[in-house]
Structure formats: C-alpha cells, structure tokens
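Residue numbers start from 1 in every chain, and the chains themselves are labelled A, B, ... in the order their sequence lines are given, proteins ahead of strands.
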Protein chains: 2
Amino acid sequence: MEGNAPVNMPASLPQGLSHEAGRSSLSVNRIQPAYAQVASQLRDLIVTGQIQTGDHLPNESELATIFGVSRSTVREALRSLAAQSLVYTKRGVTGGTFVAELDAETVSAYLRTSLGLMSGSAGVSVAELLETRAALEVPATRLAAIRRTDGAITEMEQNLSISNVEDEAVRYAKNSRFHELILEASGNRLLGLVASPIFDVLKSRFRREDVEKNYWDRVDNDHREIFSHIEAGDPDGAESAMRAHLRRLESTYEATDITAHP
Amino acid sequence: MEGNAPVNMPASLPQGLSHEAGRSSLSVNRIQPAYAQVASQLRDLIVTGQIQTGDHLPNESELATIFGVSRSTVREALRSLAAQSLVYTKRGVTGGTFVAELDAETVSAYLRTSLGLMSGSAGVSVAELLETRAALEVPATRLAAIRRTDGAITEMEQNLSISNVEDEAVRYAKNSRFHELILEASGNRLLGLVASPIFDVLKSRFRREDVEKNYWDRVDNDHREIFSHIEAGDPDGAESAMRAHLRRLESTYEATDITAHP
DNA sequence: CAAATGAAATTCTCAGACATTTACAAATCG
DNA sequence: CGATTTGTAAATGTCTGAGAATTTCATTTG
C-alpha cells in the first residue's frame, strides 16, 4: 500500500527534532525501518519495566494492528528482541511472546562471543584480557576467603590436583572449575558474570602444545596455596597468592598466544 | 561462501513418523525453527572467522535459495544477527548485508541495558555493582598513574571542580567524565568497556535529592587527591585514594538507592 | 479410567507482489 | 564544458493472504 506506514504508538514519541534531522551533508538515514521502530518501542516498554518478566505481549496479529504495520514487520521486530533475550516465543494454543527473564548465563554467553570476536580483530589484546581478569579475580579471591561456605570448600578441594590427570580435557575442566568456584564463593554474581567469559576467551587463545613440562605442577602448587588461604579464611593471604598465580600465568599466556605463533 | 546444507537438514530430521518412545510428557523441544537454524549457521560462519568484518553476505534471495527457505525466513534470521550487532544492512544498489565490526561501545551498551534489567529484578544487587566497580576502577586508577598521557591529564583537570557547578546535569556529566577519563587513561579498553555500564547502572539507582549538602565538596576533594597522584605518576597513592573515594561513595549509594525509598 | 480424537489458538513458513532507497551512468540544459 | 536532472538497476523494506505445524485442552471413545 502506502509507503512508510506510520508505525503507531500510544502517546509519546519525541517527534520533535524535525528541524535538525534532515539536511546535513552526509544525510543520515531519514527514518528507521518500521521493524526497527517497533522493536525499539517494545524494547523501551521492557527496559522501563512497563511490561515485566513473564508478561505476554499481544499476539502477532494484534501487534500488527496496534502498530499499524504488517505481521511480517512485527515478526522481524520480535526476532530482534528475542535475539537480545528480551522476549521468547512459544507456539501452540497457550503460546505467544513473553517478556524473558535475563539471567547471568545469557549475558555471560553474549560477552563470551563478543569478546572472542573483538580479541580476534585487534579490538582487545591478550594483555588487556589478562589485566582485566586479574582485576576481577584477585578481589574475588579475597571475598571468597571471607564468605566461603563449606560446600564451596569441599568442591574446590575436589578440583585441586590436576597435574597428574591424564585426560587433557578433564584437566582443563578441573582447572576451569577451580577458578569458577572461587568466583562463585565470592558471593558476587557480577564478578563471575564478567570474569568467566574473559577466562574462556583467554583459554581459546592458549596453545596447549606450547606449555612447559612442569607447567601443571606449578599450577597445582599455586592452587593449593590459594585454597589453603581461602579455607583458613585469610583474605590477605588468598589475595596475594592469587595475584602471584596470575602473574605467573601471564608469561605463559603471552608465550603461547596463538597470534604469536602463526 | 558455499557448502551450506539447506535448513531441511539431511538425514537427521524426524520428518514423518519416527514414532519412538518420545511422546511422553516431558517433550524436549523438537527442532529449532528454520529462522533460528539459518541464524545459527550464519552466526557460526562469523564467529569462526570464515566470513570476516566487512564481507557481504549473498543477498536475501540468494540466501533463501542456498538455505532452501523463503526470503521472509532469511530476513528473520538476519534480524536476529543484526540485533546482536553481528551484521548490518544497507539499502540501495550497493546495499546488502555485511559482517559488522563489533566495537566496544556496542558491547557496553548491551551490558548497560542487561545489567539495568537485572539490577531491577534482584538478579544483581547494588552491593554487587559497587564491589565490581571497585574491583575494576581501583586497578584502572593504578594503571592510569603509570600510563597517563598529557592529554588525559589536561582533560581530567578540566573536570575536576564540580561542587560549585550550578546546573545539575553538567555536574553529573563532569563527574562521569572524570571517572571515564581514568578508565581511558588506564590504557586498557576492556576495563572501561565493563566498568562504564556498571557506573551508569549505579547512577540510575541513585536518588539525587537524597545526597547530603556537602556531598559534592567531599567528591571534589577526593577527585583532587586522586588526580594529584595520577599526575605525579604515583600508582600506590592513586590506588589507595580511589579505594578510599569509592568506599565513601558506597555509603551514599546505599543510603540513596531508589529501592530503599519506595 | 485410559487412550484416542478433535478443536482452537498461536507461531511458523511460504509465495509473490510492490514500494523505497541508493549509487551510478546517461542525458539534458545553461 | 560543467552542473543538474533524469533514469535505471540492485538491493532491502513492506504488505497480503494463505496454509502448515505445534501445543494445549476438552471431548469422545474403548
């Protein structure tokens, strides 16, 4: 039908700015596509809390009517929101589109792929990853020594000895798990949310073939010392042990970075 | 750009009636919708680097043919990828869908809305935000004292005095900018990428009406001290000054958190 | 009472048409 | 000649309308 269908919306669109919007030299795109406008308005409703976790939006046809666009346009908007984990859809008679609950693992996963991409293309260096990891994990270790629980202690102990593990995959998993447990024991979910993707990206840039023979023995010793301080409830000791551990890892990571060995 | 199996994948699709035991109550989700499969396969090509920044994908009709789906299905897949900033589209004769370069600001913006949502719904507490902010900003301050440049010093100085600023918006902007400059001066983009959304979320939970009269005077003093250590190239002094500053802010933030005053 | 059946609501997918945007080449005009 | 206008092609954007598939729930049936 008509060209730019007017993407209705209740009440308040800042239609102003009309004076500045048009004539500048390298013309900014006139207006956004309809699907982007629909997505943007729905996104606002979600992030401002006007519709909340678990609420379900009107079905696609109704949304189309409400916004004055076609159903396909609505669907494209919903795809955008779903890709950002703001909504999810269910089929069937009780189906529809629902406001999603954003959980830590979802955000972590996004960070993991984003940082992975950026670390590939010079957007973020290994040195920056290492520094930031230390910034997060050292305080986390201190907090873990203060807030540790018996459960955390027990599981840490189970992931302590890895140098004698034959299966490399298992060894890696236990190593990761040990660090993860410290982040969990810190009692601060945000620390783990950010640190663990960084940890993963670093791991992916790490050439296992290039580590020295006694590398895992040293890791074992470091972990044991960190653990003993956490177990003893000694924040200062735990902090400095983790700091020393990461400093030692640093040289290994830099020596084994995949970009350094083309 | 070839070799993609159609979405109606070979072999593995339970097309008709693979009536095994499967029908019982806990029905695991069947297969993904076609748009999700298309998105997922394209996403893999991007994150594994098989198609790189700036490359342009085949146009929508070609993609539809390649995957054996309709153009609308392809478009929904592309909307998903675009929402994750993995691709962008341009209209017109030289248009198409291109692999996007993921920049720090995009990831920061995502974190900002995600953490904002989670902080609203008990997924992340103010205490966690404060702890994590300190974890990032204290080391950043130390690094800034080591790596600072003349330009950074100059601009910091310009954002130093804020208690006498009348316009509240300006005062807020200068305050934010000061902390931002420290993150920039740290020379580690990842620190800022993560810290600045956390900072923003905290700000949004902060009731300005509730701060004490001399609050901004104390901020001014703190900033001045931090700055002097950075300028002097004194990492230890800068670090402890920032640590003290954030500790003082902590009580203010907790006293003025919007959830504490319904 | 259990199992099969059917109805209903919703998303999912398709096909095809037309509108819009944009870059660039060609034609036109001063 | 040079600047402006016009036209054309290629791509995305939007609409329409139709079914197909999935899932829940009520109903019927054995």
Side-chain angles (χ1 to χ4, degrees), chain A residues 1-8 22 25-40 55-83 87-98 100, chain B residues 6-9 13-19 21-40 55-83 87-98 100:
Chain A
M1 289 267 134
E2 264 311 306
N4 252 308
V7 187
N8 297 326
S25 56
L26 262 186
S27 73
V28 185
N29 295 332
R30 193 180 288 272
I31 60 172
Q32 285 184 306
Y35 64 78
Q37 295 180 54
V38 172
S40 158
D55 288 357
H56 83 286
L57 307 183
N59 69 36
E60 295 174 349
S61 307
E62 289 178 292
L63 284 173
T65 306
I66 292 172
F67 283 99
V69 300
S70 76
R71 217 187 122 209
S72 11
T73 298
V74 167
R75 282 183 59 80
E76 293 189 18
L78 292 178
R79 276 323 117 235
S80 297
L81 299 178
V87 303
Y88 63 92
T89 60
K90 256 177 39 183
R91 302 178 69 171
V93 61
T94 60
T97 303
F98 301 83
Chain B
V7 158
N8 305 321
M9 285 282 227
L13 273 196
Q15 290 283 18
L17 17 139
S18 46
H19 258 278
R23 206 65 288 208
S24 75
S25 56
L26 265 191
S27 71
V28 183
N29 293 331
R30 208 170 257 287
I31 59 171
Q32 284 183 306
Y35 65 78
Q37 296 180 54
V38 172
S40 159
D55 288 357
H56 82 287
L57 307 182
N59 69 38
E60 295 174 349
S61 307
E62 289 176 299
L63 284 173
T65 306
I66 292 172
F67 283 99
V69 299
S70 75
R71 205 183 137 211
S72 4
T73 298
V74 166
R75 281 182 61 81
E76 294 190 18
L78 293 179
R79 276 324 116 234
S80 297
L81 298 178
V87 304
Y88 63 93
T89 60
K90 255 176 39 183
R91 303 180 67 169
V93 61
T94 61
T97 303
F98 301 83

I31(B) has an atom CD1; how far is it from atom P of dT11(C), in whole Å? 19 Å

T73(A): partners by side-chain hydrogen bond (donor to acceptor under 3.5 Å, both in side chains), with sequence neighbours left out: S70(A)

For DNA chain C, the expected dot-bracket line (Watson-Crick or G-U under 3.5 Å, [ ] crossing, | inter-strand) is ||||||||||||||||||||||||||||||

Sorted by chain and number, sequence neighbours left out, salt bridge (charged side-chain N to carboxylate O under 4.0 Å, His left out) with R91(A) holds for none

From CG of N59(A) across to C1' of dA8(C) the rounded distance in Å is 13 Å

Residues forming a salt bridge (charged side-chain N to carboxylate O under 4.0 Å, His left out) with R79(B), sequence neighbours excluded: E76(A)

Starting at CD of E60(A) and ending at P of dC15(D), how long is that distance when rounded to a whole Å? 14 Å

Between K90(A) and S70(A), which is nearer to the 5' end of DNA chain D once each is assigned its nearest nucleotide? S70(A)

Per atom distances to the T97(A) side chain, the nearest of dT11(C), dA23(C), dG13(D) is dT11(C)

Go through the structure and list residues passing side chain to side chain contact (heavy atoms under 4.5 Å, CB included) with S40(A), not counting sequence neighbours. R43(A)

Contacts of T89(A) meeting side-chain hydrogen bond (donor to acceptor under 3.5 Å, both in side chains) (sequence neighbours excluded), chain-then-number -> none

Who passes ring-ring contact (aromatic ring centres under 6.0 Å, His included) against F98(A), sequence neighbours left out? H56(A), Y88(A)

Is the phosphate of dA23(C) approached by T94(B) (side-chain N or O, under 4.0 Å from OP1 or OP2)? no

d(CD, Q37(A); C1', dG13(D)) in whole Å: 12 Å

Could you check if a side-chain atom of T97(A) sits within less than 4.5 angstrom of a side-chain atom of L81(A), using non-hydrogen atoms only? no

Tightest non-hydrogen contact, residues S80(B) and A83(A), listed as O-CB, 3.3 Å

Side chain of R91(A): nearest nucleotide among dC12(C), dA9(D), dC25(D)? dC12(C)

In this structure, how many angstroms lie between the P atom of dT13(C) and the CZ atom of F67(B), rounded? 14 Å

Within this structure, what is the OH-to-P distance between Y88(B) and dG13(D), rounded to whole angstrom? 13 Å

Contact check, residues 71-78 of chain B vs DNA chain D, heavy-atom distance under 4.0 Å, returns R71(B), R75(B)

In whole Å, I'd like the distance from the CG atom of L81(B) to the P atom of dT12(D). 14 Å

Using a cut-off of strictly less than 4.0 Å, decide whether Y35(B) has a side-chain nitrogen or oxygen near OP1 or OP2 of dT13(C). no

So if I take every side-chain heavy atom of T89(A) and compare against dT10(C), dT14(D), dC12(C), which nucleotide ends up nearest? dC12(C)

Measure the distance from CG on L63(A) to P on dC15(D) and round it to the nearest whole Å. 14 Å

By side chain to side chain contact (heavy atoms under 4.5 Å, CB included), T65(B) pairs with (sequence neighbours left out) none

